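I have placed the structure first, in the form of structure tokens, so that the comments after it can refer back to it.
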Amino acid sequence: MANIKLENVVKRYGDVVAVKDFNLEIEDKEFVVFLGPSGCGKTTTLRLIAGLENPEEGNIFIDGERVNDLSPADRDIAFVFQFYALYPHLNVYDNIAFPLKAVKVSKPEIDTHVKRVAEILQISDMLNRKPSVLSGGEMQRVALGRAMVRQPKVYLLDEPMANLDAKIRVDTRAEIKRLQHEIGATTIFVTHDQVEAMSLADRIAVIHLGVLQQIGTPDEIYNKPQSLFVAGFMGMPTMNLLDAELVAKEGTSVLRLRHTDIHLQLSPERQSGITSTTQENGLVFGIRPEHITAASQPTEQKISAQVHLIEPLGAVNILDLFLGTHAETQDPILLRVRAHPTFQVAVGDTIWLDFDAAEMHLFDRETEQTIW
Ligand code: ATP
């Protein structure tokens with residue numbers, strides 16, 4: 001098994017810098033998910049580790065060995081792509097068995113391994129079929145099976161479940177996690193699906209514009225975002241992010257959400273985090289929809305808002321609340337709140353809110369870094 005280290009890695013395609021000064025250490029047996037929007041450099045970073053691309057700068061180590069000059073075949077890696085390539089002339093059984101045959105594993109052993117992964121991936125009844133008669137999702141599972149049947153140092157999985165339907169995706173996700181723990185192989189999994197990332201990862205690496213934004217446990221990424229980008233990327237719906245300013249009110253400093261009547265009391269510790277520089281750069285206040293309590297009667301903080309839209313999602317209702325109008329653009333300032341479906345409201349109603357003080361975030365607009 002193996003640890004992986006990327007040291008100041010840079011990859012350019014002409015003028016595009018796909019991977020910028022990337023530093024990352026992945027521990028032996030760790031399951032790391034690369035998460036980020038389309039085009040952020042996830043696949044390129046994976047291909048650099050696999051040896052399918054060469055970095056312009058920096059070093060890549062697997063198990064302490066610098067592998068920049070090693071071919072993909074010499075890196076002992078199993079790679080599953082979003083766009084799988086199966087051998088069309090081989091049936092499913094032989095496609096899965098292929099990597100084991102190549103290293104001359106005995107027939108009975110091959111049989112045991114192939115049948116085991118086929119069962120996990122629910123393709124046991126397709127072992128005699130050729131790829132041409134399989135659906136996209138079935139082909140994807142065969143490609144996964146071919147990687148799972150081996151025991152390489154490292155698994156690199158690039159959106160391997162993109163073509164699976166929702167139910168099989170959830171089942172396969174659970175199986176991948178279980179299998180990874182069982183085999184204990186270092187795994188990097190690329191996705192732009194944050195639920196997939198949260199549920200699979202020991203640590204998530206959030207990437208944006210070729211830059212590693214933050215690496216941490218799912219809990220750290222979700223609850224302690226280190227930048228405005230990470231805060232705004234995670235969560236469904238995402239964190240409310242509103243322009244704010246520190247103002248004096250009744251002899252103390254309070255945080256005012258701009259273009260609204262909302263003034264938030266701050267602890268001395270939170271106040272001291274705001275320097276004159278960050279104030280000049282601009283402040284962005286953040287709070288997740290689940291950290292706001294809505295009520296039909298005035299709450300302790302007595303923050304009022306008008307219901308603008310109700311999105312019923314079954315287990316929860318998402319309420320879009322109107323807080324005010326932007327003075328220059330005339331755009332509405334909206335806040336999203338998660339409410340239990342038993343909380344009866346109608347569009348146009350005035351409701352009352354409490355913000356959970358422990359769950360409030362503040363960011364510097366210019367540097368996009370977290371203040372608290
Ligand atoms: P997606 O989720 O859409 O697969 P990604 O995060 O995996 O995206 P990459 O495929 O790594 O992103 O691409 C990163 C950047 O590099 C993009 O701007 C992309 O257009 C560019 N890029 C990737 N491969 C090449 C190439 N072979 N030639 C030129 N540009 C490329």
Side-chain angles (χ1 to χ4, degrees), residues 4-26 30-60 62 67-68 71-72 75 77-85 136-137 139-141 143-144 147 154-166 169 172-173 176 186-201 203-216 218 221 225-236 238 368:
I4 299 170
K5 186 173 171 188
L6 278 77
E7 199 178 70
N8 305 113
V9 170
V10 176
K11 177 68 194 170
R12 296 186 196 93
Y13 296 108
D15 291 342
V16 177
V17 189
V19 176
K20 285 182 198 156
D21 201 19
F22 209 95
N23 288 285
L24 176 65
E25 283 191 50
I26 297 173
E30 208 178 2
F31 197 130
V32 168
V33 174
F34 286 177
L35 176 68
S38 187
C40 71
K42 305 180 293 292
T43 296
T44 305
T45 310
L46 210 65
R47 291 173 61 84
L48 286 163
I49 296 168
L52 300 168
E53 301 283 352
N54 291 316
E56 266 78 42
E57 293 171 35
N59 298 306
I60 300 171
I62 298 178
V67 296
N68 289 46
S71 72
R75 297 190 187 191
I77 273 169
F79 203 125
V80 182
F81 298 93
Q82 179 177 356
F83 303 105
Y84 37 82
M139 284 197 260
Q140 185 73 79
R141 278 182 279 159
L144 264 176
V154 176
Y155 282 106
L156 301 179
L157 307 172
D158 189 356
E159 306 232 18
M161 305 200 283
N163 301 309
L164 305 187
D165 70 37
R169 207 176 157 119
T172 309
R173 188 167 80 199
I176 287 181
T186 310
T187 301
I188 307 179
F189 186 107
V190 163
T191 184
H192 57 259
D193 179 338
Q194 47 171 295
V195 176
E196 214 159 84
M198 293 288 288
S199 69
L200 283 172
R203 286 191 301 161
I204 299 173
V206 182
I207 304 172
H208 180 45
L209 299 173
V211 177
L212 176 63
Q213 301 282 320
Q214 185 174 349
I215 174 140
I221 296 287
Q226 285 169 7
S227 70
L228 197 50
F229 176 80
V230 176
F233 188 71
M234 301 300 290
M236 280 185 301
T238 53
E368 301 199 351

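Predicted, not measured: the structure shown is a model, and the values here were computed from it. We count ligands from 1, going down the list as the structure has it; atoms in each ligand are counted the same way.
Close approach of ligand 1 to Ala18 is summarised as follows: ligand atoms under 4.0 Å from at least one heavy atom of the residue are 14 (C), 15 (C), 16 (O). Which parts of ligand 1 touch Cys40 is read off a 4.0 Å heavy-atom cut-off, strictly below it: atoms 5 (P), 6 (O), 12 (O). Near Pro37, meaning under 4.0 Å from one of its heavy atoms, ligand 1 places the atoms 6 (O).
Below 3.5 Å of separation, one finds an N or O of Thr44 facing an N or O of ligand 1. Considering backbone and side-chain atoms alike, Gly41 places an N or O below 3.5 Å from some N or O of ligand 1. Looking at ligand 1, you'll find an N or O of Gly39 within less than 3.5 Å of one of its N or O atoms.
Taking the six-membered ring where tryptophan is involved, the planes of Phe229 and His208 are essentially parallel, since the angle between them stays under 30° and well short of 60°.
Arg47 pairs by the salt bridge (charged side-chain N to carboxylate O under 4.0 Å, His left out) definition with Glu53, not counting sequence neighbours.
Between Asp158 and Lys42 there is no salt bridge, since no side-chain N of the basic residue sits under 4.0 Å from a carboxylate O of the acidic one. In this structure, Arg203 pairs ionically with Glu30, as a charged nitrogen and a carboxylate oxygen lie closer than 4.0 Å. Classification of Glu57 and Arg12 as a salt-bridged pair holds, one side-chain N sitting under 4.0 Å from a carboxylate O. Salt bridge present: Glu196 and Arg169 bring a charged side-chain N and a carboxylate O closer than 4.0 Å.
Residue Gly14 places every heavy atom at 4.0 Å or more from ligand 1.
Selection from Asp15, Thr43, Val17, Val190 by nearest heavy atom to atom 10 (O) of ligand 1 gives Thr43.
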